[in-house]
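Written below as structure tokens is the structure these notes are about.
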Amino acid sequence: MKYTTRQKAILLLSDGTIFHGKSIGISGTTFGEVCFNTGMTGYQEIFTDPSYFGQLMVATNAHIGNYGVNEKEIESDSIKISGLVCKNFSFNYSREDASGSLEDYFIKQNLICISDVDTRALVSYIRDNGAMNAVICTDETPIEELKALLEKVPDMKGLELASKVSTAEPYFFGDENATYKISALDLGIKMNILRNLAKRDCYIKVFPFDSSYQDLAAFNPDGYFLSNGPGDPEPLSGAIQVAKEILENNNPLFGICLGHQVIGLANGISTYKMFNGHRGINHPVKNIITGKGEITSQNHGFAVNKEELENHPDLEITHLHLNDGTVAGMRMKNKNCFSVQYHPEASPGPHDASYLFDQFIENIKS
């Protein structure tokens, strides 16, 4: 193997802390909120998940890139993370059905990445000090200049990002002769959500984030879906209004992640930014209705207020996160509506919660 010298790089946190590493090869600087994912596999699905838009991803797995990339294993049309921080980056890959290397994938999409970072120390620091803005620099820009630029980066709290990842025009997914028609509001929808709905005999029309209830209703759907997505849910006044009107008309409604938070806000339940958030594919959740446990895929930095939810006359908690007791799912007592904070479509992750798509179809039938 040919030895190559790699450029030095740094990760600068907003509190002034610096972690040193090496550039994967793309020169420049990139900004975002630093967060970490504990998944041991599925890096391509993570990198292309629209919910990660505006974030610098720290991979806790020691090896990234060792199985290359596969064009079929994407959750959107491009990489959505702002940058990657990892320990060992594999320039070589070994996988029979890989379509290329992760390095070439990054170069093609101009993603800035820093490797050879002590990610255990970094994750420990984030866990103690909370998620914060940061910058990856691979072009030797002076520290003081980076600090000045970093001060101008907006905080994730109050930041509306769904508009950055939503489709510009409506589009269709699935078989037009399917039994059920679904109107989906795209706040940053993942491909595997659409695949799961289509697999259950649904024909989906996906609408831009700023569509009205009248837009969605014109498709004459059997049910409505509010998708996952990035950023703070509170600025999404249009989506919140859509949710209110869906509920006022008592239409079947299912929400995932950001969609779950929007449904909470539509019912007067506040949301808050978490200290670190949940990002990984091994998060334990308890289904309060059945008493069963689920291992789930999660990716969120905001959550709905548990105390307000418990005191709401028309809502009940259906799922709880077993690590910290936060709300992982809810349903309305007087409407055909339920939602979850995690990702039943997995990708990556376990399929313990895929039954929720079946539950949505059953709700439509009833």
Side-chain angles (χ1 to χ4, degrees), residues 31-33 35 45-57 74-82 131 133 153-171 173 182-194 197 204-216 219 224-247 253-267 269-274 277-279 297-304 337 339-343 345 347:
F31 300 84
E33 183 185 65
C35 65
E45 293 93 327
I46 292 168
F47 300 161
T48 56
D49 181 351
S51 295
Y52 281 118
F53 185 87
Q55 293 182 308
L56 302 178
M57 174 53 57
I74 58 172
E75 291 302 321
S76 67
D77 59 359
S78 64
I79 290 176
K80 292 299 189 291
I81 59 171
S82 295
N133 286 337
V153 178
D155 290 332
M156 192 64 72
K157 174 65 177 174
L159 197 58
E160 184 278 300
L161 293 176
S163 59
K164 307 293 185 183
V165 296
S166 180
T167 181
E169 299 292 336
Y171 66 91
F173 191 95
I182 306 296
S183 283
L185 189 65
D186 178 12
L187 306 176
I189 199 164
K190 291 174 67 178
M191 284 294 296
N192 213 40
I193 290 175
L194 297 174
L197 290 171
I204 309 105
K205 186 172 183 180
V206 183
F207 292 84
F209 83 105
D210 56 355
S211 300
S212 66
Y213 172 72
Q214 289 71 27
D215 294 332
L216 274 66
F219 184 50
Y224 294 78
F225 177 78
L226 302 183
S227 84
N228 62 292
D232 190 335
E234 286 191 6
L236 294 172
S237 56
I240 295 168
Q241 181 60 33
V242 168
K244 287 181 178 179
E245 293 187 49
I246 292 171
L247 295 174
L253 177 61
F254 179 26
I256 288 177
C257 203
L258 186 59
H260 160 82
Q261 297 160 12
V262 166
I263 291 172
L265 289 165
N267 281 283
I269 305 296
S270 66
T271 58
Y272 63 94
K273 190 177 187 302
M274 304 172 75
H278 297 152
R279 298 175 181 90
S297 175
Q298 302 209 6
N299 168 22
H300 62 104
F302 291 81
V304 299
C337 169
S339 61
V340 289
Q341 181 61 80
Y342 54 98
H343 288 271
E345 81 283 355
S347 191

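Numbers for residues simply follow the sequence, beginning at 1.
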Once ring-ring contact (aromatic ring centres under 6.0 Å, His included) is applied, do any residues pair with [X], and if so which ones, sequence neighbours excluded?
{"X": "F225", "result": "F254"}
{"X": "H343", "result": "none"}
{"X": "Y342", "result": "H319"}

Taking all heavy atoms of P50 and all of E75, pick out the closest pair and write down the distance.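 What the structure gives for the nearest pair is CD-O, 4.2 Å.
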Which atom of S227 lies closest to which atom of L187, heavy atoms considered: OG-N, 2.8 Å
Side chain to side chain contact (heavy atoms under 4.5 Å, CB included) partners of [X], counting only residues at least two apart:
{"X": "S183", "answer": "F207, L216, F219, P221, Y224"}
{"X": "P154", "answer": "L159"}
{"X": "I74", "answer": "Q44, T48, Y105"}
{"X": "T167", "answer": "Y171, D186, V206, P208"}

Applying salt bridge (Lys or Arg N to Asp or Glu O under 4.0 Å), name anything that partners K244, two or more places apart in sequence or on another chain.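 Scan of K244 (salt bridge (Lys or Arg N to Asp or Glu O under 4.0 Å), adjacent residues dropped) gives none.
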Check for a donor-acceptor pair, side chain of E345 on one end and backbone N or O of K190 on the other, with a separation under 3.5 Å.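 Between the backbone of K190 and the side chain of E345 there is no qualifying donor-acceptor contact (under 3.5 Å).
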So do R279 and I46 actually touch side chain to side chain, heavy atoms under 4.5 Å? no
Between L185 and V262, is any pair of side-chain heavy atoms under 4.5 Å apart? no
To the nearest 0.5 Å, how far apart are OH in Y52 and CD1 in I81?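 The CD1 atom of I81 is 9.5 Å from OH of Y52, to the nearest 0.5 Å.
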Kindly compute the distance separating SG (C257) from CG (N299), expressed to the nearest 0.5 Å.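 Here the rounded value is 6.0 Å.
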Run the side-chain hydrogen bond (donor to acceptor under 3.5 Å, both in side chains) test against [X] and tell me which residues pass, sequence neighbours left out.
{"X": "Q298", "result": "H278, T296, H300"}
{"X": "S76", "result": "K80"}
{"X": "K164", "result": "none"}

Show which side-chain atoms of residues 232-241 pair as donor or acceptor with protein atoms under 3.5 Å away, not counting sequence neighbours.
from	atom 1	to	atom 2	distance (Å)
D232	OD1	E234	N	3.0
D232	OD2	G158	N	2.7
Q241	NE2	E245	OE2	3.1

